[in-house]
Amino acid sequence: MIYEEMTNNIRSVCEKLLNSNDVEVIVAYRGGGVEGMQIPYFAKTPEDVQNIEWGDRCYQNIAPYVHGLSKKVGILAKPCDARILTQYITEQQIKRDDVYIIGVDCVGMVDENGDPRPGCPDCMVRKPPIYDEYIKDDRVDSLDLSPPASEDGGLEANFERFRKEIDKCIMCYACRQACYGCYCKTCFIDRDLPDWQPAEIDAGTKMTFHMGRTMHLAGRCVECGACEASCESGVNVRYIIKEVTKFIEDEYGYSAGMDPEQVPALLVNKFDDREVGFLGGETHG
Amino acid sequence: MKGLTQLEKWEPKIVAFLCNWCSYAGADLAGTSRLQYPPNIRIIRVPCSGRINPLYIITALMEGADGVMVSGCHPGDCHYLSGNLFARRRFVVLKKLLQTCGLDPERVQFTWVSASEGGRFADVIKEVTENVKKVGPSEVANCGSKEAQA
């Protein structure tokens, strides 16, 4: 079994790492919860390493556990976790030297019925973009990595779809809690001044929340699918974030979490940026 | 106004965010030069176009504005050196977001007007008002009210 082989590789890497006292803890997965499932696990001693497990249900993102940490930690990172870590580094939430990244190839995770998890079928990044130690999975080389088709169906169809998704939303904020990028101390929607969310929740408030969240994630989304997976009402507004992310990739050449040296697209500017849709011409001057 | 249909009587409500240093002064110049422009805009003065949170624009649309206009200093002329350049990227992305959500991106118009361009300000307002009139009443303006939900 390929997962057992990879698990053994991961265990030996982790054991070496913990024995060398370079890191205080390793964030990884262990078997548990329900039969056949993997849940987050913190290995602190070399003996703990035997509990670490890698499989096809390691879908929970563990990178957010290291957000804001200032001690040296090791972390097992599948490609989306590695992208999250890269994004944290570019956003100066953690230091590169503080994390020891054990990158793992990923062919996609499945849920309890064996169906692919949200985000996995369309995933274009199957290998971790940054790592200190690399665990290879030969199957990723044979995967078809073609970009997914645009989901823009014209204005009216778009509005219909958005409205339908919004109607299901109950404003529980599970998507926000699950998202790696929603780490603001106070979310705009929780603020009193200005009060973005009036006491009565209506379609307008829900649209404001989802559009506001998309705007905050514009160009930062690593497309891990956690928001869609965490939603109990089955709302899928991830397609909006996907479209915007793709637009930013095309327009500004920035893909979230691929290069720790790159600055996020909306935090920089160029004098000759295109002015798409501005009054009076495409470009200035 | 007798004999006109509901739509012909309809006049768009447009919220205009103008930067303090260029566009607001440009609007002032248009006023002191007695230039005529449509009275559909409601001006909100902001320190810089970079100060405009995209949420301002979204909220304006949700709370009943048919259109939003944003105007700042020309690129290179920003009082804060690069505020409008950051804003520009944000606005381009916001337009894409509106398109994906199914709100007509024509409702939200961005442009640059300097303090000496009173005539241009009047022209821009005319153009914006015409564009928003073409798009029609906002599809989300009543999302916030109970009547629309019923």
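Letters A, B, ... are given to chains in the order of the sequence lines, protein chains preceding strands, and every chain is numbered from 1.
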Determine whether more than 12 heavy atoms belonging to other residues, nucleotides or ligands lie under 6.0 Å from atom CZ of B:R51.
-> no
Run the side chain to side chain contact (heavy atoms under 4.5 Å, CB included) check on A:F159 and B:V140 step by step: do they pass?
-> CA-CA 10 Å; A:F159 187 62; B:V140 287; 3.5 Å; yes
Take atom OH in B:Y24; do more than 12 heavy atoms of anything else shown fall under 6.0 Å from it?
-> no
Which pair of heavy atoms, one from A:G277 and one from B:K95, lies closest together, and at what distance?
-> O-NZ, 3.1 Å
Nearest heavy-atom pair of A:L266 and B:F86: which atoms, and what distance?
-> O-CD2, 4.0 Å
Would you say A:E160 has more than 12 foreign heavy atoms packed within less than 6.0 Å of its CD?
-> no
Test A:T205 against B:M62 for side chain to side chain contact (heavy atoms under 4.5 Å, CB included), laying out the working first.
-> CA-CA 8 Å; A:T205 315; B:M62 293 300 164; over 6 Å; no
Is there side-chain contact between B:M69 and A:L279, with at least one heavy-atom pair below 4.5 Å?
-> no
Which bit of B:L103 is near chain A, if near means a heavy-atom gap under 4.5 Å: side chain, backbone, both or neither?
-> both
Heavy-atom neighbours of A:K270 NZ exceed 12 at 6.0 Å = no
Take A:F278 and B:R88 through the side chain to side chain contact (heavy atoms under 4.5 Å, CB included) test and state the conclusion after the steps.
-> CA-CA 9 Å; A:F278 275 45; B:R88 178 163 63 181; 3.9 Å; yes
Does NZ in A:K246 sit with more than 12 non-hydrogen atoms of other residues, nucleotides or ligands closer than 6.0 Å?
-> no
Measuring heavy-atom distances to chain B, does A:E243 have an atom under 4.5 Å in its side chain, in its backbone, in both, or in neither?
-> both
Residue part contacting chain B, namely of A:I248, when any heavy atom lies under 4.5 Å | side chain
Sub-4.5 Å side-chain heavy-atom contact between A:V268 and B:R89 = yes
The residue among B:I58, B:L94, B:V93, B:L97 that forms side-chain contact (heavy atoms from CB on, under 4.5 Å) with A:T214 is B:L97
Find the distance between CE (A:M215) and CD1 (B:I57) and round it off to the nearest 0.5 Å.
-> 8.5 Å
Under the side chain to side chain contact (heavy atoms under 4.5 Å, CB included) rule, what do A:D273 and B:L85 come out as? Steps first, then yes or no, please.
-> CA-CA 8 Å; A:D273 278 333; B:L85 300 179; 6.0 Å; no
At a heavy-atom separation under 4.5 Å, does B:N84 approach chain A through its side chain, its backbone, both, or neither?
-> neither
Is the number of heavy atoms from other residues, nucleotides or ligands under 6.0 Å of A:K95 NZ greater than 12?
-> no
Value rounded to 0.5 Å, distance of CD in B:E139 from CG in A:L155 | 7.5 Å
Pick one of side chain, backbone, both or neither for B:Q109, based on which atoms fall under 4.5 Å of a heavy atom in chain A.
-> side chain
So what's closer than 4.5 Å to chain B heavy atoms on A:I241: side chain, backbone, both or neither?
-> neither
Is there side-chain contact between A:D152 and B:Q99, with heavy atoms separated by less than 4.5 Å?
-> yes
What distance do B:L55 atom CG and A:F188 atom CZ have between them, rounded to the nearest 0.5 Å?
-> 5.0 Å
Between the CZ atom in A:R163 and the SG atom in B:C101, the distance rounded to the nearest 0.5 Å is 12.5 Å
Under 4.5 Å from a heavy atom of chain B, the part of A:A157 involved | neither
Measuring from A:E151:CD to B:T100:OG1, what's the distance to the nearest 0.5 Å?
-> 10.0 Å
Nearest 0.5 Å please: distance from the CG atom of B:L61 over to the OG1 atom of A:T208.
-> 9.5 Å
Check whether any side-chain heavy atom of B:V92 lies under 4.5 Å from a side-chain heavy atom of A:Y252, and answer yes or no.
-> yes
